[in-house]
Amino acid sequence: MENKKTEQLKQYINDNQGKHALTTNQGLKMAQDEFSLKAGLRGPTLMEDFHFREKMTHFDHERIPERIVHARGVGAHGFFQLYESLEAYTKADFLTNPSKTTPVFVRFSTVQGSRGSNDTVRDVRGFATKFYTDEGNYDLVGNNMPVFFIQDAIKFPDFVHAVKPEPHNEIPQGASAHDTFWDFIAQNPESAHMVMWHMSDRAIPRSYRMMEGFGVHTFRLINDEGQAHFVKFHWKPVLGVHSLVWDEAQKIAGKNPDFHRQDLYEAIEKGDYPEWELGLQLIPEEKEHAFDFDILDPTKLWPEEEVPVKIVGKMTLNRNVDNFFAETEQAAFHPGHVVPGIDFSNDPLLQGRLFSYTDTQLSRLGGPNFHQIPINQPVCPFHNNQREGMHQMTIHRGQTSYHRNSLNDNQPAPVPAEHGGYEHYQEKIDGQKIRGRSDSFLDFYSQAKLFFNSLASFEQQHVKDAFSFELGKCKSDMVKANAVALLNHIDRQLAQEVADNIGVPLPKENLEIQSDKKSPALSMANTICKPDSKNVAIVLNGKPNVPLLSEWVQTLANQRLNYSIIDKKISRFDDSLKVTDTYDTTDPCLFDAVLVISSESLIQTPVLEFIETTFKHYKPLALALSDPHALDSSRVKLEGAGVFNLSDSAIESFIKGIAQGRFWDR
Ligand code: HDE
């Protein structure tokens, strides 16, 4: 697990484990830490109590501003391994040298909510990766959706103001189901494509381990000969792409607000290391204009059937942070952190991002030296003439801090490109200085339609339900009607159903864009399904047959499934077989599958809730009931899709069901 980054971080670890004297920050051992220094036992506290002042002052300043967006997140360490050299496309060392393992730090996040908000809200997820390469840090600061709401960075403050809690009452937290968000969407129709993703199941991932990542923008790769390719970056999760259902997501928000954070942490602690393959879509420069969309427009994806994704390597996350604040909270990502062989395109959204990220760190991390915070330091040497500033941690030795100099032999010196110095790609630009949008960015609806066409019917239904929910929560009829008018450009039937559900008129004229084009890669129905590391609840109703329970538990464990045994009270059958949760301490929403073992005719109410909720959320349900009529009055039927009657089928069939995940035809 050791690598250059872990070695570097070790120098900064301060471990309170073991015997240590309690000291002040000046290293002074203190004889007392519980009482302040007073004038008499019942008298006032004295000014000279430096220990009290130091402790309280530090505490008073423990908080830093949260990120303006992506405030809630979780991070982990890992590594990236390249499969084969990409020297035909790029000269980046970490993409051309398959014998190298590059340390990474990844932070996943939601966008809208504040640091203390819930994990399972309907939102875009951030997927930011810092590669600590030997040529400096490369940050791939992406999302779990391949497009964005706006085309030009100058609209970002407006967009964020609209989606964040409304300014007069700071409601709602962690949700886009409110008037200002939908007002913005309807008034900025370039958001049509992204809002379809946002209303799809992609916005409620089952786990960070089970979502795709996208660099969104078009970037450039440049090889040793100076040839350029346009590129889009993809992360493909080895476990496949999976989501929650909306009712489940909302309930989890109450039952376990840390659902995703905990899932990631526990998977890594158990050794179920999350993995993603890195994929590249490549377009040679001369094909820039060969598509029916503008490749600089961040509201457009490159259909994988037209531009295949080349799988080039794998990222594995294998270490949790030692300290959340020091590492995850202080991590500073920036899409402008590039290495030789990777450059930008003129995507106007990307161009604006290149300014914003350093700017925001200045106030969030308190000055210009945040690159010296251990998590942000490159693992290669870094030298320049930048000096001083708040929180300077480096002792820069020497007389000179300027370039060019003769006193220090003009060191540190720039490095020519052929020896690894970064050189910007020499793109020829010819244009008028102008504030405007290219006409090639004006097709707002084709890909919104492409996305909707590509979904399976259950996914389309979820999109309709999501629009109806979100717009149903809006108060202004005008906003609702405007949003329906936007949908009327994408799909008449969708607009019709949503209008009906939220009680606003459908526009008279049908403006639906006509296309039946599909991209199967966009549907989650076509993803990989595996049982690995899913969570199974074993719910007991009465005393179980312990040897059989032991056997089943062993079979589940052999399949790398996690299980919890749940009963009325915590207890243990033997050293390895324990009831770890009660009906009260956990909830059916928190599991991927449920197995109910009942030795009684009467199913207790909380157990019935486990059965019915699991059934309602389309999840696999196994029943081992001593009385085959115990569920006669419930809507759950023993022979329903994804319901496994363990009296006549083996537990292996249930495990296959767990791999499948959901039974939409229930
Ligand atoms: Fe960001 N974004 N963003 N963004 N973004 C931030 O930087 C910004 C955009 C993304 O885990 C901020 O350090 C602008 C697209 C992630 O620390 C800020 C624009 C994509 C994260 C900022 C965008 C992203 C951020 C807030 C439009 C996907 C979290 C705190 C021009 C490709 C990184 C911070 C982390 C964070 C600005 C749009 C991804 C304010 C101006 C598109 C994953 O600088």
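Please read all numbers here as calculations on a predicted model, not as lab measurements. For ligands, and for the atoms within them, numbers begin at 1 and follow the listed sequence.
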Legend entry - Output field: ring centroids Phe105/Tyr132 closer than 6.0 Å: no
Worksheet item: So do Tyr422 and Val338 actually touch side chain to side chain, heavy atoms under 4.5 Å?
Response: yes
Using heavy atoms and a strict 4.0 Å limit, residues surrounding ligand 1 turn out to be Arg67, Ile68, Val69, His70, Arg107, Gly126, Phe127, Val141, Gly142, Asn143, Phe148, Ala153, Phe156, Gly215, Val216, His217, Phe333, Leu349, Arg353, Ser356, Tyr357, Thr360, Gln361
Is a donor from one side chain sitting under 3.5 angstrom from an acceptor on the other, for Asn376 and Gln330? no
Partner of His234 under side chain to side chain donor-acceptor pair (under 3.5 Å), picked from Glu212, Gln281, Glu277, is Gln281
Exactly one of Gln112, Arg122, Glu470 clears side chain to side chain donor-acceptor pair (under 3.5 Å) with Ser176, and that residue is Glu470
Residue pairs passing the ring-ring contact (aromatic ring centres under 6.0 Å, His included) test with at least one member in residues 329-354, sequence neighbours excluded, are His334-His337, His334-Tyr357
